[in-house]
J.: 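Submitted below is the structure of interest, expressed as structure tokens.
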Amino acid sequence: MGNSSSTSAPLLEVRDLKTHFPVKGGVFRHAVATNKAVDGVSFTLRAGETLGLVGESGCGKSTLGKTIARLLKPTAGSVRFDGHDLAPLSRGELKPFRKRLQMIFQDPTESLNARHTVGEILAEPFIIHGLGHAAERTRHVTQLLAKVGLDPDAARRYPFEFSGGQRQRIGIARALALNPSLIICDEPVSALDVSIQSQVLNLLLDLQRELGLSYLFIAHNLAVVKHVSDRIAVMYLGRIVEIADADDIHAHPRHPYTRALLAAIPVPDPSARKRERIVLTGDLPSPINPPSGCPFHPRCPHATDRCKTEVPVLRETAPPGRSPHPVSCHYDL
């Protein structure tokens with residue numbers, strides 16, 4: 001995990017970011033509603049740091065990651081990367097920033113072009129950005145394969161000839177090609193066998209130490225996120241509801257949703273560890289028709305009438321004797 005100073009300027013600063021999609025219906029396909037997939041997210045990420053982003057499927061994590069990488073255009077807000085706001089930039093204006101901001105996708109089978117050899121896939125970033133001649137690109141491809149633990153002859157083979165873990169290593173190599181500063185990891189191990197997940201996670205940690213990388217690490221498993229993260233942000237229905245150091249989140253979770261996610265983590269010996277049992281009722285509400293007030297109130301065991309009408313602000317508070325961190329809740333639980 002990163003060891004960056006908390007006083008350094010953030011590499012990434014996201015402010016009130018929103019990504020909304022029109023929902024069309026009727027004969028003429030007019031917009032009849034709005035899907036508020038990301039609805040006012042703010043956070044910072046320092047150089048060399050890993051920020052874990054965790055939440056249930058459908059909470060907007062992947063949409064947030066793709067918006068930050070500008071694979072999706074934001075509806076509102078800013079994405080300041082190394083001091084430059086990426087949100088309003090055109091495709092051509094974004095090209096210089098693509099070198100330093102890359103993405104690893106959840107499913108390596110879908111994200112790798114099956115018609116290209118691995119060598120062609122890894123050489124493509126250099127071709128797009130006009131870097132090096134053919135011999136130099138071949139040398140870079142060999143170096144990238146070595147970095148992720150694959151043999152040079154892998155360059156002549158096609159993605160389908162590799163296992164899922166090996167394909168994800170190829171995806172990681174592609175993300176490393178242009179020496180990025182920040183990599184957005186969108187559920188990079190969730191499609192892999194459990195036995196392979198730790199290998200890929202350890203590879204990411206080794207690369208971070210070697211290359212000084214920053215990660216935004218998106219996952220739904222809090223145990224996986226804690227293993228790689230310096231800080232963790234918990235997301236629910238398009239908004240961040242709690243953000244703190246990884247150890248603090250696990251030791252002293254404040255938001256009821258965070259507590260529920262932690263309670264769902266299996267433990268090897270349940271008798272050796274007492275943990276509050278929290279069972280969430282109901283499903284994640286639709287971002288097309290979110291609940292009034294606090295989005296979590298229909299599932300929250302502590303909800304009051306205030307929670308049904310008033311939207312809580314993400315504010316830095318703490319119960320007596322605890323260090324403060326931002327929580328989106330009306331009460332100091």
Side-chain angles (χ1 to χ4, degrees), residues 14-25 31-44 51-65 67-68 72 74-78 218 220 222 225 231-244 248-250 252-264 276-320 322-333:
V14 176
R15 284 286 170 261
D16 199 27
L17 190 65
K18 298 180 181 181
T19 309
H20 296 174
F21 302 101
V23 179
K24 298 182 179 181
V32 296
T34 302
N35 181 340
K36 299 179 180 180
V38 177
D39 197 29
V41 168
S42 300
F43 66 86
T44 60
L51 176 66
L53 183 65
V54 67
E56 292 171 283
S57 296
C59 73
K61 307 184 301 297
S62 292
T63 301
L64 175 59
T67 304
I68 292 170
L72 295 172
T75 304
S78 63
I218 300 169
H220 61 267
L222 252 176
V225 171
R231 291 185 299 138
I232 294 174
V234 181
M235 193 168 180
Y236 186 81
L237 209 62
R239 301 175 183 176
I240 288 177
V241 297
E242 184 167 7
I243 184 167
D248 200 16
I249 283 277
H250 275 253
H252 306 295
R254 302 262 321 282
H255 197 281
Y257 180 59
T258 308
R259 293 177 178 180
L261 291 179
L262 283 168
E276 181 183 7
R277 178 171 171 78
I278 301 173
V279 179
L280 289 179
T281 58
D283 297 321
L284 186 76
S286 169
I288 298 173
N289 185 27
S292 61
C294 174
F296 188 61
H297 88 258
R299 307 171 74 190
C300 181
H302 306 284
T304 66
D305 288 341
R306 179 187 180 188
C307 303
K308 297 176 183 179
T309 58
E310 186 179 337
V311 179
V313 177
L314 188 66
R315 59 195 178 96
E316 195 165 279
T317 61
R322 299 273 174 84
S323 58
H325 65 249
V327 181
S328 178
C329 185
H330 294 307
Y331 305 105
D332 293 336
L333 301 175

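Being a predicted model, the structure only gives us computed values, none of them experimental.
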J.: Looking only at atom types and distance, does a side-chain atom of H255 sit under 3.5 Å from a main-chain N or O of S328, one as donor and one as acceptor?
T.: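 Present.
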J.: Please examine the side chains of R15 and T44, heavy atoms only from C-beta on, and report whether any two atoms are closer than 4.5 Å.
T.: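 Counting from C-beta outward, T44 and R15 do come under 4.5 Å.
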J.: Determine whether a donor-acceptor pair (N or O, by modelled atom type, separation under 3.5 Å) exists between the side chain of R315 and the backbone of C329.
T.: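 Yes.
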J.: Nearest 0.5 angstrom please: T19 OG1 to N35 CG, how far?
T.: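 These two atoms lie 10.0 Å from each other.
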J.: To the nearest 0.5 Å, how far apart are OG in S78 and CG in L17?
T.: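 One finds 7.5 Å between OG of S78 and CG of L17.
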J.: Can any side-chain N or O of K61 pair as donor or acceptor with the backbone N or O of G55 at less than 3.5 Å?
T.: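 Between the backbone of G55 and the side chain of K61 there is a qualifying donor-acceptor contact (under 3.5 Å).
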J.: Find the distance between NE2 (H325) and CZ (R231) and round it off to the nearest 0.5 Å.
T.: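 Interatomic distance, H325 NE2 to R231 CZ, rounded to 0.5 Å: 11.5 Å.
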J.: Quick check: does any side chain N or O of H297 sit under 3.5 Å from a backbone N or O of S292, one acting as donor and the other as acceptor?
T.: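 Here the side-chain-to-backbone pair exists.
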J.: So L51 and F43, side-chain contact (heavy atoms from CB on, under 4.5 Å) or not? Walk me through it.
T.: CA-CA 10 Å; L51 176 66; F43 66 86; 3.4 Å; yes
J.: Flag yes if more than 12 heavy atoms outside N289 fall under 6.0 Å of its CG atom; otherwise flag no.
T.: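 12 or below, so no.
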J.: Return the NZ to OG1 distance between K18 and T67, rounded to the nearest 0.5 Å.
T.: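 It is 13.5 Å, given to the nearest 0.5 Å.
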J.: F21 and side chain to side chain contact (heavy atoms under 4.5 Å, CB included): which single residue from T63, T75, V38 fits?
T.: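 Only one option passes, and that is T63.
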J.: Within a strict 4.5 Å, meaning less than it, do heavy atoms of the I232 and H250 side chains meet?
T.: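 When only atoms from C-beta onward are counted, H250 and I232 do touch, with a gap below 4.5 Å.
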J.: Is R254 salt-bridged to D332, going by a charged N under 4.0 Å from an acidic O?
T.: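 Judged by the 4.0 Å cut-off on N to carboxylate O distance, R254 and D332 do form a salt bridge.
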J.: Identify the two heavy atoms, one from G52 and one from V225, that lie closest to each other, and give their separation to 0.1 Å.
T.: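 Closest approach of G52 to V225: CA-CG1, 3.6 Å.
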J.: Between E242 and Y257, do the side chains contain a donor N or O and an acceptor N or O under 3.5 Å apart?
T.: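 Side-chain D/A pair, Y257 to E242: absent.
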J.: Would you name the heavy atoms of I240 and A233 that are closest together and state the gap between them?
T.: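 Looking at all heavy atoms of both residues, the closest pair is CD1-CB, 4.0 Å.
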J.: Walk me through it: do R299 and L284 pass the test side-chain contact (heavy atoms from CB on, under 4.5 Å)?
T.: CA-CA 9 Å; R299 307 171 74 190; L284 186 76; 4.0 Å; yes
J.: Quick one: does H330's side chain have a donor or acceptor within less than 3.5 Å of a partner on E310's backbone?
T.: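 It does hold such a pair.
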J.: Given side chains that start at C-beta, do those of C294 and P312 come closer than 4.5 Å, heavy atoms only?
T.: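 The answer is yes; the side chains approach within 4.5 Å.
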J.: Quick one: which of P285, C59, S286 gives a side chain to side chain contact (heavy atoms under 4.5 Å, CB included) with L237?
T.: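 Going through P285, C59, S286 one by one, the side chain to side chain contact (heavy atoms under 4.5 Å, CB included) with L237 is satisfied by P285 alone.
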J.: Supply the atom-to-atom distance I243 CD1 to M235 CE, rounded to the nearest 0.5 angstrom.
T.: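 Answer for the CD1-CE pair, I243 versus M235, is 11.5 Å.
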J.: Which heavy-atom pair separates P253 from T258 by the least distance, and what is that distance?
T.: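 Minimum heavy-atom contact is CB-CG2, 3.8 Å.
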J.: Distance check, rounded to the nearest 0.5 Å: S323 atom OG versus H252 atom NE2?
T.: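 Atom-to-atom, S323:OG and H252:NE2 are 7.0 Å apart.
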J.: Taking C-beta and beyond as the side chain, do Y331 and T304 meet within less than 4.5 Å on heavy atoms?
T.: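 Yes, their side chains come closer than 4.5 Å.
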